[in-house]
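Keep in mind that this is a model prediction, so the values were computed, not measured.
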Amino acid sequence: MASIVLKRTQQKVTKSTCADTVYNAIKAGYRLLDGAGDYGNEKEAGDGVRRAIADGLVKREDLSQRIIVKQITKMQLKLWGIDYFDLFLVHFPVALKYVDPSHRYPPEWFGDDGKVYTQNTPMHETWGAMEELVDEKLVKNIGLSNCQGSLILDVLRYAKYEPQVLQVELHPYLAQEALVKLCKRFSIAVTAYSSFGPQSYVELGGDKGTPSLLTHDVTSAAAKTHGKTEAQVLLRWATQRGIAVIPKSNNLDRLSANLDCNSFDLSESELAALSALNINLRLNDPADIDGRLAIFA
């Protein structure tokens with residue numbers, strides 16, 4: 001399914017451009033919109049959705065959304081202007097102190113003083129609350145994000161509704177092959193974010209000095225062979241392995257180009273060469289915010 005992300009790390013689609021970006025993405029053929037309460041642009045994204053539906057570009061049932069339990073969900077549905085979410089994920093397996101949305105929304109990672117406050121809520125309680133959303137028909141499917149194998153196996157032990165999707169950072173520098181294999185074993189679909197690797201973090205100074213995948217010799221060689229862009233090659237490396245992608249862009253031309261990433265096949269040697277670039281480089285790690293949040297340790 002064609003998809004677009006509305007933010008990754010701090011690089012969100014801005015409020016001033018979000019409605020038009022969503023509208024143009026739908027017009028170009030995108031049908032999966034990746035958002036979250038933490039992104040702070042749900043109302044604007046909903047404006048774009050409503051305009052696309054009103055103009056007859058799509059029907060509500062043609063679209064999917066992904067966001068981050070019951071009163072917040074209802075508030076987010078109101079912001080989007082829809083009655084249900086197709087897919088709802090636990091954004092990070094990190095329990096933070098609740099911030100009332102009437103006080104501050106989105107709460108992001110911090111308290112009013114800029115410090116991180118955790119709370120003792122185990123995953124089984126969070127997952128139970130997610131399952132209630134399914135029971136009340138507020139969401140159709142639930143899933144996980146930024147979780148490793150041990151936590152996925154834990155959820156599977158007590159889940160009434162098993163996770164349908166795992167969304168994780170995944171690119172040739174962080175191939176996550178064992179995790180993808182585990183998910184396939186349990187029929188959990190995998191969605192990749194930050195498909196372009198360090199490029200997604202340059203504006204933040206969070207690329208960790210790593211050479212860009214968009215200019216890497218391996219990527220460029222495959223792009224030249226197939227007459228495609230380096231971005232399309234990186235996306236195809238994932239989609240050809242059965243992994244969904246959610247690239248972010250405010251540019252209509254790049255939105256269209258990204259959508260064309262499935263019109264060719266990489267050779268087995270090209271796939272292997274890209275996978276061999278793996279250095280287990282994780283760019284989106286909560287431990288960089290607070291050492292107590294080292295969920296990937």
I want to check something: taking the side chain as every heavy atom from C-beta on, are L79 and Y105 in contact at a cut-off of under 4.5 Å? yes
State, with a plain yes or no, whether a side-chain heavy atom of D112 is found less than 4.5 Å away from one of H103. yes
Are V168 and L156 connected, step by step, through hydrophobic side chains (Ile, Leu, Val, Met, Phe, Trp, Tyr) whose heavy atoms are closer than 4.5 Å? yes
Mind listing the closest non-hydrogen atom pair of G149 and L179 along with its distance? N-CD1, 3.8 Å
Where is the tightest heavy-atom contact between Y173 and H216, given as atom of each residue plus distance? OH-CD2, 3.7 Å
Distance col, row S263:OG vs H226:NE2, nearest 0.5 angstrom, shows 10.5 Å
N-O pairing of D47 and K43 below 4.0 Å: yes
S256 side chain near D260 side chain, heavy-atom distance below 4.5 Å: no
Going only through I, L, V, M, F, W and Y residues with side-chain contacts under 4.5 Å, is there a path from V190 to F88? yes
For the pair Y201 and S194, evaluate side-chain hydrogen bond (donor to acceptor under 3.5 Å, both in side chains) and give the outcome as yes or no after the intermediate values. CA-CA 9 Å; Y201 300 83; S194 296; 2.7 Å; yes
Single-linkage hydrophobic cluster, 4.5 Å side-chain cutoff, V99 and V94 together: no
Can L271 be reached from L174 by stepping across I, L, V, M, F, W or Y side chains whose heavy atoms are under 4.5 Å apart? no
Show your reasoning for whether side chain to side chain contact (heavy atoms under 4.5 Å, CB included) applies to I295 and Q148. CA-CA 8 Å; I295 58 176; Q148 296 300 93; over 6 Å; no
Inter-residue atom distance E169.CD - Q176.CD, 0.5 Å rounding: 7.5 Å
Do P107 and L96 have side chains that get closer than 4.5 Å, going by heavy atoms? no
Side-chain touch F296/P286, heavy atoms, less than 4.5 angstrom: yes
Electrostatic pair D288:K208 at N-O distance under 4.0 angstrom: yes
Taking all heavy atoms of S145 and all of Q167, pick out the closest pair and write down the distance. OG-O, 2.9 Å
Residue D113 excluded, over 12 heavy atoms near CG under 6.0 Å: yes
Using a 3.5 Å distance criterion without hydrogens, assess whether the side chain of N24 forms a donor-acceptor pair with backbone atoms of L252. no
Separation between CZ of F92 and CG of N284, rounded to the nearest 0.5 Å: 4.0 Å
Could you tell me whether a side-chain N or O of W127 sits under 3.5 Å from a main-chain N or O of E162, the two making a donor and an acceptor? no
Pairwise distance CG(L166) to CD1(I152) - rounded to 0.5 angstrom: 4.5 Å
Which distance, rounded to the nearest 0.5 Å, do you find between the CE of M75 and the OG1 of T73? 9.0 Å
D290/K115 ion pair, N-O < 4.0 Å: no
Apply side chain to side chain contact (heavy atoms under 4.5 Å, CB included) to the pair N146 and Y193, showing each step before the final yes or no. CA-CA 10 Å; N146 300 299; Y193 70 77; 2.5 Å; yes
Main-chain N/O of R254 paired with N258 side-chain donor or acceptor, under 3.5 Å: yes
Using side-chain heavy atoms (C-beta onward) and a distance below 4.5 Å, is P93 in contact with C147? yes
Would you check, one step at a time, whether the test side chain to side chain contact (heavy atoms under 4.5 Å, CB included) holds for M123 with T126? CA-CA 5 Å; M123 177 58 84; T126 299; 4.2 Å; yes
Search all heavy atoms of T239 against all heavy atoms of C261 and return the closest pair with its distance. CG2-SG, 4.3 Å
Is T225 reaching over with its side chain to a backbone N or O of A221, donor-acceptor style, under 3.5 angstrom? yes
Under the 3.5 angstrom rule, does the side chain of E230 hit a backbone N or O of T219 as a donor-acceptor pair? no
same_hphob_cluster(L144, L153) at 4.5 Å side-chain heavy-atom cutoff: yes
Mind checking whether F85 and W80 have parallel, tilted or perpendicular rings, split at 30° and 60°? perpendicular
If you define the side chain from C-beta out and look only at heavy atoms, does anything of L87 sit under 4.5 Å from I142? no
Measure the shortest side-chain to side-chain distance between D154 and H124 over non-hydrogen atoms and say whether it is less than 4.5 angstrom. no
Distance, nearest 0.5 Å, that separates CD of Q164 from OG1 of T191: 11.5 Å
Between K160 and D135, is the closest basic N to carboxylate O distance under 4.0 Å? yes
Hey, does the side chain of Q232 reach the backbone of A257 with a donor-acceptor pair shorter than 3.5 angstrom? yes
Give the minimum heavy-atom separation between G81 and R50, together with the two atoms involved. CA-NH1, 3.1 Å
Test side-chain contact (heavy atoms from CB on, under 4.5 Å) applied to F110 - qualifying residues, sequence neighbours left out: V116, I289
Counting distance only, does the side-chain N/O of D55 pair as donor-acceptor with the main-chain N or O of L57 below 3.5 Å? no
Applying the side chain to side chain contact (heavy atoms under 4.5 Å, CB included) test to W237, which of L277, L213, L170 qualifies? L170
May I have the step-by-step check of side chain to side chain contact (heavy atoms under 4.5 Å, CB included) for L274 and L266, ending in yes or no? CA-CA 10 Å; L274 286 163; L266 297 168; 4.0 Å; yes
For a quick test of reading the model, state the closest non-hydrogen atom pair linking L283 to G197 and the distance between them. CD1-C, 3.6 Å
